[in-house]
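Report on one structure; see the data block that follows.
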Amino acid sequence: MAVNDREEIILETKKSNLKLPPMYKILLLNDDFTPMDFVVEVLQTFFSMSQERATQIMFKVHTEGSGVCGVYPGDIAITKVEQVVKFARQHQHPLRCVMEEEKI
Ligand code: TYC
């Protein structure tokens with residue numbers, strides 16, 4: 001805030017020096033073996049998606065090769081990737097789940 005010659009208050013914008021924390025996209029990758037209904041279950045369980053949304057994302061991954069499940073700060077993204085991969089391996093599925101820094 002500043003005051004000009006006519007005693008008017010001027011609000012000045014100042015660029016913040018604070019840097020936002022990096023965010024990470026979590027992606028599912030397609031494979032030929034993981035059952036479609038298992039992928040839908042993963043999206044509902046670990047990414048809180050409705051069955052309809054989970055089915056849409058699963059088909060996107062199936063047809064395009066990959067798809068974004070969500071965007072999270074680093075520590076949450078790492079935990080989710082680990083949880084998804086562990087769950088898939090427990091069920092003997094080769095599902096791949098990776099994280100990638102979000103460009104802003
Ligand atoms: N392609 C798999 C199938 O036909 C389904 C699938 C979808 C697998 C998404 C992985 O991330 C995936 N059973």
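Order of listing sets the numbers, starting from 1, for every ligand and every atom in it. Keep in mind that this is a model prediction, so the values were computed, not measured.
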For ligand 1, which atoms have a heavy atom of Leu95 less than 4.0 angstrom away? 10 (C), 11 (O), 12 (C)
Closest approach of any protein heavy atom to atom 3 (C) of ligand 1, naming residue and atom: Thr34 O, 3.6 Å
Which residue owns the protein heavy atom closest to atom 9 (C) of ligand 1, what's the atom, and how far is it? Val61 CG1, 3.5 Å
Any idea which protein heavy atom is nearest atom 4 (O) of ligand 1, and the distance to it? His62 CE1, 3.1 Å
closest protein heavy atom to atom 2 (C) of ligand 1 is Asp31 O, 3.2 Å
Acceptor/donor pairs from residues 73-87 side chains to any protein atom, 3.5 angstrom cut, sequence neighbours excluded:
| unit_1 | atom_1 | unit_2 | atom_2 | d |
| --- | --- | --- | --- | --- |
| Thr79 | OG1 | Asp75 | O | 2.9 |
| Lys80 | NZ | Phe46 | O | 2.9 |

Shortest protein heavy-atom distance from atom 6 (C) of ligand 1, along with the residue and atom involved: Asn30 OD1, 3.4 Å
Under 3.5 Å: N/O of Asp32 near N/O of ligand 1: no
Given side chains that start at C-beta, do those of Leu27 and Met99 come closer than 4.5 Å, heavy atoms only? no
Donor-acceptor check, side chain of Thr34 to backbone of Leu95, threshold 3.5 angstrom: yes or no? yes
Side chain, backbone, both or neither: which applies to Val39 and ligand 1 if a contact is any heavy-atom pair less than 4.0 Å apart? side chain
I need the Leu29 CG to Arg96 CZ distance, nearest 0.5 Å. 5.0 Å
Leu29 heavy atoms within 4.0 Å reach ligand 1 at atoms 10 (C), 11 (O), 12 (C)
Non-hydrogen side-chain atoms of Tyr72 and Met23 separated by less than 4.5 Å: no
What's the spacing between His62 NE2 and Met36 CE if we round to 0.5 Å? 3.5 Å
So, is Met58 polar-close to ligand 1, with some N/O to N/O distance under 3.5 Å? no
Output all residues satisfying side-chain contact (heavy atoms from CB on, under 4.5 Å) with Ser50, sequence neighbours left out; order by chain, then residue number. Glu52, Arg53
